[in-house]
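Below is one structure, written out as structure tokens, with a few remarks after it.
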Amino acid sequence: MTSQPRSFYIIDTFSLIFQVFHALPEMTSPQGQPTNAVYGVTRDLITILRDRKPDWLIAAMDVRGENKRNEIYTEYKTNRSAMPEELVPQIAMIEELLAGFGVPALGIPGWEADDVIATLVEMVADQDVEVTVITSDKDIRQLLSPKVKLYNFRKNQYLDEADLMKDWGVTPEQVVDFQALVGDSVDNVPGVPLVGPKKASALIEKFGTLEEILAHADEAPGAKLRENLKTFADQARVSKTLVTLKRDLPLEVDWDAARAGQLQLPVLQEFFQQCGFRRFIDEIKTLAPDATEPAPPPAVERSWKLVDDTDKFSEFLAQLEQQKQFCVDLETTGLDAVRADIVGWAFSWDGAEGFYLPVQAPDGQATLDADVVRDALRPILENPEVEVCNQNIKYDMLVLRRAGIELRGVGVDSMVGSYLLDAGARSHGLDELARRYLQHEMIPISELIGKGKSQIKISEVDVDKVGEYAAEDAQIAWQLAQRITAELKQEDLWDLYWDLERPLISILTDMEFRGIRIDIELLQSLSVEFTDRLQTIEAEIYEEAGHEFNIASTKQLAVVLFEELGLPIIKKTKTGASTDQEVLEKLALQHSLPAKLMEFRQLSKLKSTYVDALPEMVNPDTGRIHASFNQVVAATGRLSSSDPNLQNIPIRTEAGRRIRQAFIPGEPGWKLLCADYSQVELRMLAHFSQDPALLAAFERGDDIHTAVAAEVFHVAPEAVDSDMRRIAKAVNFGVIYGQSPYGLAVNLGISQAEASDFIEGYFGRYEGVDKFLRKLLERCSQNGYATTIRGRRREIRGIRSGLGRQRNLPERTAINTVIQGSAADLIKQAMIQTHQRIQQEQHSGVMLLQIHDELVFEVPEIDLGSLSYLVREEMESALNLDVPLKVDLSVGNTWLDVERLD
DNA sequence: TTCTTCACG
DNA sequence: ACGTACGTGAAGAAT
């Protein structure tokens with residue numbers, strides 16, 4: 001057994017500080033000090049210590065003093081603008097922070113952090129130490145070696161020698177030559193004019209070094225380039241000295257002090273208290289030396305076996321049958337699960353050993369018989385006692401469904417688990433998770449099938465390559481499942497996963513597999529009708545504009561409206577004058593063109609997004625549309641739908657609504673059943689706030705907007721007119737979003753003062769709501785996350801507590817997340833219970849769609865009575881709230897023609 | 001790839 | 001002086 005090399009992390013401190021300073025929004029401590037850079041550095045330090053567990057950690061600093069490089073070149077770094085005002089006081093705080101974390105801050109007056117880093121790297125060069133430099137600085141690239149790599153925190157990107165070769169086409173030794181030629185405008189390194197990265201790379205490849213290039217200047221391509229290489233030869237040499245890092249500074253390092261993890265807890269906690277970083281106070285406890293954190297699993301040695309004949313297959317099966325848990329990953333012919341066919345099966349049950357079973361391969365390579373494999377695996381996969389895990393297992397379940405296999409024992413899906421751990425993460429993809437949790441870089445698929453136009457089919461790739469790739473997927477997914485299970489348990493999110501999100505995976509699989517039937521002919525005739533009308537309006541628009549132009553181009557449209565017709569610019573976008581709906585409505589008061597534009601926009605939107613797009617999405621085998629329901633996209637916990645999005649089928653306008661007529665039951669004698677929650681979000685608000693007036697209104701079954709109008713306007717409910725109700729409705733929605741007077745005013749077309757009065761009136765009558773929202777924000781700012789009714793979390797930074805009713809984005813996000821996310825929890829629970837009872841009682845009706853507060857089913861007419869009753873019962877009892885839940889049911893032959901059932 | 005617009009809850 | 005309701009996905013133009 002060989003010992004692991006020790007790891008040594010060096011932070012390029014100012015590089016990191018500037019990165020976080022610019023990446024994070026403004027933050028202030030309770031005393032009003034700017035703190036965003038301090039916050040960012042703290043968070044990153046914690047991440048390094050927790051996830052990377054370095055053996056040594058040192059912060060390299062720039063220390064004031066006459067910069068030595070200016071002695072060589074007076075212009076060096078004279079381009080640099082002064083440090084931003086809000087950053088200056090944070091530097092001392094960060095130094096304090098580093099001391100608290102036990103991270104030595106090393107620097108030598110007059111030299112730069114880069115030189116300190118170079119010296120440190122040199123000092124450990126002959127030891128068995130792996131160095132990682134945390135930097136975004138390109139100069140450091142000259143230090144790369146098999147034992148030294150760079151890491152960019154913000155991009156979560158490692159850079160090693162190979163990456164350098166890809167990027168610049170040079171070796172680490174050639175970096176200084178490269179930079180000497182290219183120069184650096186930021187640091188004011190002059191370089192050679194006309195030479196950019198491409199030319200520099202080519203020259204270095206041809207001649208090897210800067211001196212050789214200068215000596216052979218005559219052989220360079222282009223007269224001007226040849227001249228420049230001669231004229232600026234000395235300037236290039238000066239540049240080279242400027243970018244060359246000094247590797248022998250007189251640096252004294254106390255390696256014991258540099259051991260990572262020697263935190264001074266009380267000091268740090270006091271420091272965080274002052275900064276207002278309450279969430280870190282608890283978080284750093286787990287990093288202290290005595291923390292009882294489980295040791296990270298050692299990197300697993302992986303190997304894999306090709307199972308490509310019947311003997312090997314029998315042996316493999318015998319082993320698989322012994323497993324209570326395993327990971328399976330399918331390689332398929334495409335990305336659309338409802339159309340793809342199986343190319344091969346990959347398995348792993350310990351993360352170390354992997355198996356690949358090819359059933360399709362290039363000519364001449366052995367495969368197993370697809371049907372034999374399928375039939376042998378069916379009983380294992382359909383055994384509910386066997387826990388099957390994978391990354392995005394819904395995909396595999398769908399492919400299996402088409403092969404006639406119903407996977408029953410769903411275990412841990414690393415993608416869904418990762419979503420619960422950090423709903424706001426940019427990606428929950430396997431590549432990203434492998435990096436985040438296992439520090440492992442996956443084989444890119446492009447290595448097998450190529451990129452862009454020259455892609456080939458995976459079934460035509462050598463089985464040895466596919467097998468390695470597929471086995472890696474299964475092994476890493478298995479390892480991730482273990483890690484994520486532990487994290488979910490530690491974070492108290494396990495029950496949410498196991499009881500809510502996990503059963504949902506199977507339900508979504510069912511819904512996607514079933515799909516929904518579309519009346520293509522109806523859409524085609526609608527398309528003809530819309531095209532007709534569009535042509536008419538188009539001609540009228542050209543007539544009024546005086547010439548033809550691309551109406552869909554906002555830029556061309558802006559020229560017509562604001563330059564040619566001289567209409568006033570109402571608002572601006574980042575890139576020019578806005579021409580959106582709101583603007584057109586205002587312009588319509590003074591010209592007849594905007595109204596025509598609005599109709600054109602509406603119809604062309606409907607035509608391109610729905611009328612013409614939906615028939616294209618129909619699966620030829622099933623005659624139905626199989627949209628995807630995504631479980632890990634929406635940060636609040638909602639589902640989302642795509643390919644196509646069936647959660648935004650028009651309903652608000654007459655023309656749009658007609659599209660719903662094309663959504664029909666799949667079989668004669670069947671109906672569509674829609675079940676939607678009435679006012680779920682406001683009921684959630686009533687439940688959370690326990691506000692007596694709000695609870696009572698729901699208890700009585702009042703129309704909630706009318707009831708609120710009566711309260712706010714101090715009149716009897718009977719005296720509420722439509723205008724009062726409209727205002728109350730807007731205020732009700734505003735509360736859920738964390739309204740500001742301005743937002744409400746714009747929405748209602750009233751003055752800010754009036755809007756302010758309504759809001760005050762609302763909170764005056766519903767004090768429970770006011771109190772609840774304040775408490776919600778207080779808790780959220782303490783925890784660093786918002787929590788829903790089922791314990792789902794969303795990290796939210798930047799909540800400023802104790803600010804009364806003035807709310808910025810983080811505060812509004814927190815409020816909305818609790819309400820919207822809890823409503824999402826509710827309907828997910830309802831889906832599970834409804835689905836379960838439908839199975840138990842063996843109804844043939846099935847769930848087709850979920851649209852946030854609504855479920856759509858396809859039901860035989862004969863079963864309508866019992867099924868609708870069942871659906872209402874399960875939806876209304878999904879969670880036990882202190883407010884009654886109400887579900888409205890409607891039934892019809894199309895999604896348009898549904899009528900209230902009651 | 002990014003921006004703008006607009007469809008839904 | 002600024003921007004100003006939350007959460008999504010898709011199409012088409014511009015870059």
Side-chain angles (χ1 to χ4, degrees), chain A residues 26 423-424 549-558 571-584 597-598 600-614 616-617 627-653 655-657 659-660 676-682 685 730-748 752 755-756 759 786 794 796 806-824 827 849-855 895:
Chain A
E26 278 181 33
F549 64 102
N550 184 349
I551 305 171
S553 159
T554 49
K555 216 176 154 191
Q556 292 180 36
L557 182 59
K571 69 174 172 184
K572 289 188 166 184
T573 67
K574 268 186 221 169
T575 52
S578 171
T579 65
D580 70 11
Q581 179 93 32
E582 206 187 311
V583 169
L584 294 180
L597 291 170
M598 285 192 280
F600 182 91
R601 281 248 178 96
Q602 191 199 15
L603 286 178
S604 66
K605 170 93 182 177
L606 294 175
K607 184 171 180 303
S608 66
T609 309
Y610 305 102
V611 177
D612 290 343
L614 289 174
E616 298 286 310
M617 306 294 294
S628 292
F629 286 97
N630 305 302
Q631 209 176 345
V632 300
V633 174
T636 53
R638 274 189 175 184
L639 297 177
S640 85
S641 163
S642 62
D643 308 295
N645 181 353
L646 293 184
Q647 291 180 321
N648 72 346
I649 301 302
I651 192 167
R652 292 175 189 171
T653 65
R657 239 194 320 271
I659 291 162
R660 295 205 162 208
D676 60 291
Y677 278 117
S678 155
Q679 309 294 358
V680 247
E681 296 192 339
L682 288 174
L685 183 69
V731 174
N732 273 332
F733 278 105
V735 173
I736 295 169
Y737 300 139
Q739 71 190 162
S740 68
Y742 176 88
L744 186 66
V746 167
N747 193 327
L748 288 173
Q752 267 197 64
S756 213
I759 293 171
R794 176 184 185 181
I796 294 171
Q806 190 208 326
R807 278 161 200 155
N808 276 354
L809 189 62
E811 286 89 10
R812 296 197 299 263
T813 307
I815 292 172
N816 184 248
T817 297
V818 174
I819 303 285
Q820 187 181 108
S822 297
I827 195 162
L849 308 175
Q850 188 252 46
I851 308 111
H852 311 306
D853 61 357
E854 172 186 9
L855 297 176
W895 203 4

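Reminder, nothing fancy here: chain letters follow the sequence lines and each chain counts from 1.
- For T653(A) and Q602(A), the side-chain atoms include at least one donor-acceptor pair closer than 3.5 Å.
- L849(A) has its side chain within reach of W895(A): a pair of non-hydrogen atoms, C-beta onward, lies under 4.5 Å apart.
- Phosphate contact (OP1/OP2 of dA10(C), side-chain N/O of T609(A), threshold under 4.0 Å): absent.
- Among the protein residues, R657(A) comes within range of no part of the nucleic acid, since none of its heavy atoms lies under 4.0 Å from any strand.
- At dG7(C), none of the side-chain N or O atoms of T817(A) fall inside 4.0 Å of OP1 or OP2 (strictly under the cut-off).
- Using a 4.0 Å heavy-atom distance criterion, S641(A) is classed as a sugar-phosphate-only contact.
- For residues 630-646 of chain A, the salt bridge (Lys or Arg N to Asp or Glu O under 4.0 Å) pairs, not counting sequence neighbours, are R638(A)-E681(A).
- Sequence order on DNA chain C of the closest nucleotides to P644(A) and T636(A) puts T636(A) first from the 5' end.
- Close to dA11(C), at under 4.0 Å from its OP1 or OP2, lies no side-chain N or O of K607(A).
- Take S642(A) and apply the side chain to side chain donor-acceptor pair (under 3.5 Å) test, not counting sequence neighbours, and it matches N630(A).
- A730(A) pairs by the side-chain contact (heavy atoms from CB on, under 4.5 Å) definition with L744(A), L748(A), not counting sequence neighbours.
- Across all strands, N808(A) comes closer than 4.0 Å to no nucleic acid atom at all (heavy-atom distances).
- The side chain of Y742(A) lies closest to dT4(C) when the candidates are dA13(C), dT4(C), dG7(C).
- With the 3.5 Å cutoff on both pairing distances, Watson-Crick and G-U pairs in DNA chain C assemble into runs of at least 3 at B:1-9 with C:6-14.
- Checking dC6(C), dA13(C), dA11(C) against every side-chain atom of S608(A), the shortest atom distance belongs to dA11(C).
- A distance of about 23 Å separates the C1' atoms of dC2(C) and dT5(B), rounded to the whole Å.
- Residue-level contact check: V746(A) touches neither bases nor backbone, having no heavy atom under 4.0 Å from any strand.
- Here the separation of dT2(B) from dT4(C), taken at their C1' atoms, is 23 Å to the nearest Å.
- The same atom, P, is picked in dA1(C) and in dC6(B); the two are 30 Å apart, to the nearest Å.
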Encode nucleotides 3-9 of chain B as B, S and - characters from 5' to 3', where the letter depends on protein heavy atoms closer than 4.0 Å: B to the base, S only to sugar-phosphate, - to neither.
SSSBBBB
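- Nucleic acid contact for L639(A): none, since no nucleic acid atom lies under 4.0 Å from a heavy atom of the residue.
- Among the atoms of the strands shown, none is found under 4.0 Å from any heavy atom of A823(A).
- Among the atoms of the strands shown, base atoms are found under 4.0 Å from some heavy atom of G734(A).
- A sub-4.0 Å separation between OP1 or OP2 of dA13(C) and a side-chain N or O of N550(A) is present.
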Can you give the donor-acceptor pairs under 3.5 Å from side chains of residues 812-821 of chain A to other protein atoms, not counting sequence neighbours?
from    : atom 1 : to      : atom 2 : distance (Å)
R812(A) : NH1    : R807(A) : O      : 3.3
T813(A) : OG1    : L809(A) : O      : 2.6
N816(A) : OD1    : Q820(A) : NE2    : 3.4
N816(A) : ND2    : I736(A) : O      : 3.4
T817(A) : OG1    : R794(A) : NH1    : 3.0
T817(A) : OG1    : T813(A) : O      : 2.7
Q820(A) : OE1    : T636(A) : OG1    : 2.8

